[in-house]
Amino acid sequence: MPDRDAAAWLWLRERLAALRPAPRPGTQPSPAPVAPAVVVRTAVVTDSASALPPDWVRSCAGDGRLTVIPMPVMVGAEIYGEGEDDITETIALALASGTSVKTSRPSPGQFEQVFLAAERLGYKSVVSIHISGGLSGTADAARLAATRVTIPVEVLDSSTVGMALGMGVQAAVAAAAAGSDTTAVVAAAAAQFARTKVYFYVPSLEQLRRGGRIGAAASLLGTMFAIKPILAVDDGKIIPLEKVRSAAKAVARLEELAAADAASRPRGQARLAVHHFGNPAEAEALAARLSAALPSCPPAQISSLPAVLAAHAGLGVLAVIVGENGPTVRNPESELPAAST
């Protein structure tokens with residue numbers, strides 16, 4: 001019997017048993033088979049650089065099986081928390097006006113509190129999955145916190161960002177929801193990361209230079225010769241893929257690269273996400289063209305880049321994440337039939 005149906009069958013068996021007449025004296029009812037419910041033993045923790053859809057996070061976070069830790073963004077002298085504050089417009093205005101925008105990692109104490117909360121809720125282990133260590137010290141903070149708690153914690157550096165990280169987190173949550181152990185949950189996320197690519201274009205390299213994500217020489221070269229590079233995340237770091245002479249050609253080439261990658265995946269398995277910051281119309285148009293080019297691929301998920309990533313990419317960024325479909329995350333309790341009255 002599939003795990004996802006076990007809880008529903010258990011509910012039904014109990015209610016059918018209640019409707020049966022009481023046994024006659026001297027007789028014993030036959031024991032009914034017991035359908036074991038799925039027990040979720042592993043909690044999953046990630047950070048807000050994962051760009052997970054808010055509705056999906058809410059659907060998984062109610063029982064503590066998923067926690068998204070906000071990553072701090074500093075605009076001038078003010079500190080904001082991703083997901084805790086509505087900071088998209090604040091960051092956009094700061095970037096447009098040249099105000100300093102910086103990011104930081106969550107503190108080890110934040111991770112420690114989340115790990116302890118998972119233990120109090122009855123989870124036996126935690127898998128903590130985070131933004132590339134080549135771009136942030138978040139995974140290091142999680143590792144430090146893991147040494148302070150008694151619940152076993154596995155920390156996984158995703159070596160990626162955005163919804164590429166998010167897809168791996170979703171795979172981990174799905175594995176945990178199926179009752180998998182810690183090793184299998186980590187393996188599910190790692191397998192998804194191995195199948196996921198990030199392609200992106202930024203109108204200006206200056207913000208990436210300020211944040212130390214690319215070198216000063218590369219930024220100067222792009223400014224002097226009006227080069228619009230197509231970038232990627234590879235082995236946890238930002239690398240240039242191609243150099244294009246105009247913004248229009250850069251976006252067209254970004255589309256070509258993403259479409260070719262998606263078309264190379266097993267038929268019906270490709271999955272797309274499109275990120276933007278301050279240019280939603282461009283992102284919607286790009287997603288529409290990708291859908292037309294890839295009729296067997298579901299429509300791309302479109303979302304604003306998380307603030308912690310937008311702070312480095314700057315205004316006008318377009319990113320395409322190409323991944324593959326994973327198992328659907330199910331909450332067995334949510335599938336129980338409604339009790340009749």
Asker: Do side-chain atoms of Asp47 reach the backbone of Ile69 as a donor and acceptor pair under 3.5 angstrom?
Answerer: no

Asker: Taking the side chain as every heavy atom from C-beta outward, state whether Val317 and His312 have any atom pair closer than 4.5 Å.
Answerer: no

Asker: Any luck finding a side-chain donor-acceptor pair between His275 and Ser303 under 3.5 Å?
Answerer: yes

Asker: To the nearest 0.5 Å, how far apart are CG in Leu231 and NZ in Lys237?
Answerer: 15.5 Å

Asker: Check Ala270 against Cys297 and note the closest heavy-atom contact, atom names and distance.
Answerer: O-SG, 3.4 Å

Asker: Quick one: do Arg271 and Glu324 make a salt bridge, cutoff under 4.0 Å?
Answerer: no

Asker: Kindly indicate, with the supporting measurements, whether the criterion side-chain contact (heavy atoms from CB on, under 4.5 Å) is fulfilled by Leu286 and Leu254.
Answerer: CA-CA 9 Å; Leu286 173 58; Leu254 174 68; 4.2 Å; yes

Asker: Show the numbers, then the answer: is there a side-chain contact (heavy atoms from CB on, under 4.5 Å) between Leu165 and His130?
Answerer: CA-CA 7 Å; Leu165 165 57; His130 299 292; 5.8 Å; no

Asker: Hydrophobic clustering (ILVMFWY, side-chain heavy atoms < 4.5 Å, transitive) - are Ile151 and Leu144 grouped together?
Answerer: no

Asker: So, Asp63 and Arg65, do they make that salt bridge, N to O below 4.0 Å?
Answerer: yes

Asker: With heavy-atom distances below 4.5 Å as the criterion, would you say the side chains of Leu290 and Glu255 are in contact?
Answerer: yes

Asker: Not counting sequence neighbours, which residues clear side-chain hydrogen bond (donor to acceptor under 3.5 Å, both in side chains) with Ser304? List them please.
Answerer: none

Asker: Quick check: does any side chain N or O of Ser264 sit under 3.5 Å from a backbone N or O of Asp261, one acting as donor and the other as acceptor?
Answerer: yes

Asker: Counting only heavy atoms not in Gln301 (residues, nucleotides, ligands), do more than 12 fall under 6.0 Å from its CD?
Answerer: yes

Asker: Please report the interatomic distance CD1(Ile131) to OG1(Thr138), rounded to the nearest 0.5 Å.
Answerer: 6.0 Å

Asker: If only atom types and distance count, is the side chain of Gln192 paired as donor or acceptor with the main-chain N or O of Ala189 below 3.5 Å?
Answerer: no

Asker: Pro70 and Pro106: which non-hydrogen atoms are nearest, and at how many Å?
Answerer: O-CG, 3.7 Å

Asker: Taking all heavy atoms of Thr182 and all of Ser125, pick out the closest pair and write down the distance.
Answerer: OG1-OG, 2.6 Å

Asker: Determine, using the 4.5 Å side-chain heavy-atom cutoff (strictly less than), whether Ile129 and Trp56 are members of one ILVMFWY cluster.
Answerer: yes

Asker: Minimum heavy-atom separation for Ala300 and Ala287, please, with both atom names.
Answerer: CB-CB, 4.2 Å

Asker: Drop me the distance from Thr196's OG1 to Ile321's CD1, to the nearest 0.5 angstrom.
Answerer: 9.0 Å

Asker: Quick one, Ser100 and Met74 - any side-chain contact, counting heavy atoms below 4.5 Å?
Answerer: no

Asker: Hey, is the main chain of Leu93 close enough, under 3.5 Å, to the side chain of Ser97 for a donor-acceptor pair?
Answerer: yes

Asker: For a ring-ring contact (aromatic ring centres under 6.0 Å, His included) check, start with the C-alpha distance between His276 and Phe200, then their side-chain angles and the critical distance, and finish with the verdict.
Answerer: CA-CA 10 Å; His276 63 86; Phe200 68 106; over 10 Å; no

Asker: By salt bridge (charged side-chain N to carboxylate O under 4.0 Å, His left out), which residues pair with Arg253, not counting sequence neighbours?
Answerer: Glu242, Glu256

Asker: May I ask you to test the Val169-Leu66 pair for a side-chain heavy-atom distance under 4.5 Å?
Answerer: yes

Asker: Nearest 0.5 angstrom please: Ile91 CD1 to Thr99 OG1, how far?
Answerer: 11.5 Å

Asker: Taking it one step at a time, do Tyr123 and Thr42 satisfy side-chain contact (heavy atoms from CB on, under 4.5 Å)?
Answerer: CA-CA 6 Å; Tyr123 291 97; Thr42 302; 5.8 Å; no

Asker: Go through the side-chain N and O atoms of Thr160 and Ser158 and say whether any donor and acceptor fall under 3.5 Å apart.
Answerer: no

Asker: Does CZ in Arg41 sit with more than 12 non-hydrogen atoms of other residues, nucleotides or ligands closer than 6.0 Å?
Answerer: no

Asker: Is there side-chain contact between Arg105 and Asp140, with at least one heavy-atom pair below 4.5 Å?
Answerer: yes

Asker: How far does CG of Leu52 sit from SG of Cys60, to the nearest 0.5 angstrom?
Answerer: 8.5 Å

Asker: Search all heavy atoms of Gly323 against all heavy atoms of Met167 and return the closest pair with its distance.
Answerer: CA-SD, 3.9 Å

Asker: Check whether any side-chain heavy atom of Val153 sits under 4.5 Å from a side-chain heavy atom of Phe111, and report yes or no.
Answerer: no

Asker: Compare every heavy atom of Ala313 with every heavy atom of Val202, then report the nearest pair and how far apart it is.
Answerer: CG1-O, 3.5 Å

Asker: Under 4.5 Å between side-chain heavy atoms, counting indirect links through other Ile/Leu/Val/Met/Phe/Trp/Tyr residues: same cluster for Leu121 and Val40 or not?
Answerer: yes

Asker: State the OG-CG distance between Ser132 and Asp235, to the nearest 0.5 angstrom.
Answerer: 8.0 Å

Asker: Can you check side-chain hydrogen bond (donor to acceptor under 3.5 Å, both in side chains) on Glu119 and Thr150, steps first, answer last?
Answerer: CA-CA 9 Å; Glu119 187 172 26; Thr150 56; 2.9 Å; yes

Asker: Apply side-chain contact (heavy atoms from CB on, under 4.5 Å) to the pair Leu95 and Phe277, showing each step before the final yes or no.
Answerer: CA-CA 11 Å; Leu95 291 172; Phe277 191 68; 3.9 Å; yes

Asker: Do Phe193 and Leu156 come close enough that some side-chain heavy atom pair is under 4.5 Å?
Answerer: yes

Asker: Do Asn279 and Leu315 have side-chain heavy atoms sitting under 4.5 Å apart?
Answerer: no

